[in-house]
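Notes to accompany the following structure.
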Amino acid sequence: MTEQIDKALAREYEAGFVSDVESETFLPGLDEDVIRRISGMKNEPEWMLEWRLSAFREWLEMEEPDWAQVDYPKIDFQSISYYSAPKSMKDKPQSLDEVDPELLRTYEKLGIPLIEQQMLAGVAVDAVFDSVSVVTTFRDKLEEAGVIFCPISEAIQKYPDLVKKYLGSVVPKKDNYYAALNCAVFTDGSFVYIPKGTRCPMELSTYFRINEQNTGQFERTLIVADEGSHVSYLEGCTAPQRDENQLHAAVVELVALDDAEIKYSTVQNWYPGDEEGKGGIYNFVTKRGICHTNAKISWTQVETGSSVTWKYPSCILKGDNSVGEFYSVALTRGRQQADTGTKMIHLGKNTRSTIISKGISAGKSNNSYRGLVRMNPGAKGARNFTQCDSLLIGDKCGAHTFPYIESRNPSAIIEHEATTSKVSDEQMFLCRQRGLDPEKAVSMIVNGFCKEVFKELPMEFAVEAGKLLEISLEGSVG
Amino acid sequence: MSNTNSLLTIKDLYASVEDKQIIKGLNLEIKPGEVHAIMGPNGAGKSTLGYVLSGREGYSVDGGNVALAGQDLLEMETEDRARAGLFLAFQYPVEIPGVSNLEFLKASVDAQREARGEEAITSAEFLKEAKAACKQVNLPVSFLKRGVNEGFSGGEKKRNELMQMLLLKPTLCILDETDSGLDIDALQVVAEGVNSQRSADRSFIVVTHYQRLLDYIKPDFVHVLSDGKIVKSGDASLAHELEAQGYAWLQTAPAEDELEG
Ligand SMILES: Nc1ncnc2c1ncn2[C@@H]1O[C@H](COP(=O)(O)OP(=O)(O)OP(=O)(O)O)[C@@H](O)[C@H]1O
Ligand SMILES: [Mg+2]
C-alpha cells in the first residue's frame, strides 16, 4: 500500500509558474538605509519610519528562535532583497483596465476572481503581488457600508489615527524575532475596519503570492472590528516554484472590540519544495487576535504548502465571556516540516476556547502540533477544549504533539484529547473493493479526517480546501 | 469442469498470508444465477478465500487460476475486480470516520460506472436509490449521513454492507458471514435482500455458520471448506446434516471430494 500512496503523493506543484512582469527590486541587504528607502518608496509619514526603525533596532538585539521542531539551514538576512514591486505599478492603477495584463493572467492562473462577474459573487479581493497591493476590488460597495478594506500602505496615509492606535497593539514590535523583522521591513498587506454594529456585506479576501526571486515577503495585516460588528476574512497563498528557498514572515493582527466577531480563514499553498526538500517557502508567521468583552475570534487554517512552517494563530481572551477558536488542518508530505498550533490566553472571566487540530503527515515529512492554553488568575470559570488528531500515511513520516497547559485559576477547566491514527490497510482495501482507485481512496479518507475543520470554512473555501488536499495527495496536475 | 457459461471458475488455487499457506488446492465453479453456500470450521480459510478473490494486499497466490466471466481475475487490480462486478461484504466491516455513507457510496458507484463507460448518475437520482436501499435493509435514512460504519452496531454494519451491495449491483456477491450477530428480524432482512437480488445474471457465495440463513435463502449448492480446500459439496440438505453432526466426521474425508458442476 505504501508504494501506491507514495506514487499518489508524487505530484507537481500546480501554481509553480513565474510571471514575466518587469519589476523594481532592491539589491539584497538590510540596514537602516534600506528601511528608509522602503518607507520613502511608500511615501510614509515620519512616525511610521520611526516605528520601523525602532523595531529594526530591537530586532538586531534578538536571537533567531530554535525551539521549534523544524530543521533548516541558517537564513542569511543580508542575502535577501527587501523590496520588490512590479514596475508597472509605480503609478497605481485606478481600475482593472490599467492593470498589467500579465499580472491579471497570473491571477487568472491562480483562479482569483478579479473579473467583474466573479466579483458579483460577493468576494472583494485585495491581491498582494510580491509587495505592493495591486488592486482592491469592490471597494465602493464596502465604502457604502462604512467598511474600510484597502492596502495597509494606503491606510497609513488615509487613516493614520486608526493605524497608529492599533498597529502593534496585539503583536508588539519585539514580540518575536520574525515579527520584529516584519515591523521593520513590511511592504504591504491589508487593512480592514468594520464600523460599530456593522455586518460586513461580503466575505473579504486577500491572495498573497511570492513571485520575485530572493524576495522575502513581509505582509502586514490589521483587522479592526468595532463594537458589535462582524467580518469574515479569507486569505489564500501560493508561490511559484524556485530552487532557492524564499522567506515569508507575515504579521496578522486582529482586534475584536466588545461584542464583535472576526472569522479569519486561511488556505495556504506556498511552494513546499521538491521531493528532496529543495526550494520552497520558509513560512514564519505571527498571527494573533485580541477579544474584548463578549467578542469572538475564530481562526481556521488549511495548510498544505511551505517547506518549513512556523505558525501559531492565537487569541488573547481579554474581555469577559469572550471566545477564541482554532481549527486547523496541516498536511505535510515530501520533506515538509510544520510546527504549528495556537495559543489561547484566558484573561477574562468565563472565557471559552476551542482548539481542533488535524495533522496529516505523509512521505518523509514531520508535522508538529504545539499549543499553549493559559488560564490567568482572573480567568474565573474559563474553559478550554482541545482535540488534537494526527493521521499518518506511510511509515516514514512523523507526528508530534506538544501541549503546554498553564492554569493559574482553580475554577478553570481544561480538557485535552489527542489521537494518532494511520490510513489503515483495511480502509484502503474497503475503498478499493468498492471500486475506488488508491488515490481517490486516500484523499477521501483524509478528507473525512478533516471534516470537523472543513465545516468551519466558508462554503466556497471548503470546496477549494477539499480540492487542494486532493491535489496535494493525488498528483493530478491541472 | 467446463468454462463455458461459467461466471467464476477457481482451479487448484493455493494462497498464503504472511508465508502461511491457507488455501490449499481449492476448486469451485459458479454459474450465473447460482447461490453457493460455504460452511466450515473457524480458521478454515473462508474469509481468506474472499480476500484472495477480491485482491487484498498481503495475500499472495502461490498456484492455480481464477477466471471471472472469462477474465483472468488474479491479474487484475483490486479496484478493477470490483468494477468487473465482484463484491465482498466484509465479515468485520471497517470504519471510515468523517466520510459519510452517502459520499462513499456515490463515489463508489461513480467510479464503477465510469470504468464501465456508463453515464454518471445524478446526485438526486442517487439519493433516491440510496434511500430506497436504506429502507430495504431496514436502516433509518439518517445512516446515509453518518460516517461509514462509524459507531454502527454490529448488526447495523452488516445491514450497511448489504445496502452497498444493493446500490453497486454486482454480478458476483461474496457475503462473508453477513448473518452473524444479527437478530432474528435482521436475519430475515438479509435473506430477503439476497433473495430480491437473485437473478439469472447474478451469483452469490454465501459464507455462513448457520443453516437457519440457508432455510431462507435456499442455496443451489452447499460446500464445506476445511483446511483450505473444499472437502464436501452437496445440495441444501448438506447444511442440515452439518447442523446435526458438526464438521468432525468430514475431517478425515478424502480431500478430493470435488464439486460436480
Ligand atoms: N495476517 C495473517 N497472518 C497469519 N495468519 C493469518 C492471517 N490472516 C489469516 N490467518 C490465518 O488463516 C486462517 C484462516 O483464516 P480465515 O479468516 O480465512 O478463517 P475463516 O474460515 O474465515 O474463519 P471464521 O469462521 O472464524 O471466520 C486462520 O488460521 C487465521 O489465523
Ligand atoms: Mg471468516
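Bear in mind the structure is a predicted one, so any value in this text is a computation, not a measurement. Numbered from 1 within each chain, the chains take letters A, B, ... in sequence-line order.
The backbone N or O of B/Thr78 sits nowhere less than 3.5 Å from a side-chain atom of A/Gln433 that would complete a donor-acceptor pair.
In this structure, the side chains of A/Asp437 and B/Arg83 come closer than 4.5 Å at one or more pairs of heavy atoms. Residues B/Pro97 and A/Gln427 have side chains in contact (heavy-atom distance under 4.5 Å, counting atoms from C-beta outward).
B/Gln112 contributes atom CD, which lies 8.5 Å from atom CG of A/Leu436 (distance to the nearest 0.5 angstrom). If you take CD1 on B/Ile96 and CD on A/Glu426, they are separated by 11.0 Å, rounding to the nearest 0.5 Å. In this structure, A/Leu430 CG and B/Glu161 CD are separated by 7.0 Å, a value rounded to the nearest 0.5 Å.
Between B/Glu57 and A/Arg432 there is a salt bridge, since a side-chain N of the basic residue sits under 4.0 Å from a carboxylate O of the acidic one.
Of all heavy-atom pairs spanning B/Ala89 and A/Arg434, the tightest one is CA-NH2, 4.5 Å. Across all non-hydrogen atoms, the minimal contact from B/Ala82 to A/Gly435 is CB-N, 3.6 Å. Closest approach of B/Ser54 to A/Phe429, counting heavy atoms only: OG-CZ, 3.4 Å. The two residues A/Lys451 and B/Gly98 make their nearest non-hydrogen contact at NZ-O, 2.6 Å.
The neighbour count for B/Gln21 CD, taken as heavy atoms of other residues, nucleotides or ligands under 6.0 Å away, is above 12. Within a 6.0 Å radius of CZ in A/Arg383, no more than 12 heavy atoms belonging to other residues, nucleotides or ligands are found. The number of heavy atoms from other shown groups lying within 6.0 Å of CZ (A/Arg352) does not exceed 12.
Residue contact with chain A, scored on non-hydrogen atoms closer than 4.5 Å, involves the backbone and the side chain of B/Leu88 alike. Neither the backbone nor the side chain of B/Arg81 comes within less than 4.5 Å of any heavy atom of chain A. There is no contact between B/Leu105 and chain A, counting heavy-atom distances below 4.5 Å. Looking at B/Val148, the atoms closer than 4.5 Å to chain A (heavy atoms on both sides) all sit in the side chain, from C-beta outward. The parts of A/Cys431 that come within reach of chain B are both its backbone and its side chain, each placing non-hydrogen atoms under 4.5 angstrom from that chain. Residue B/Tyr92: no heavy atom, backbone or side chain, is found under 4.5 Å from chain A. Interface residue B/Glu103: backbone and side-chain heavy atoms are both found under 4.5 Å from chain A.
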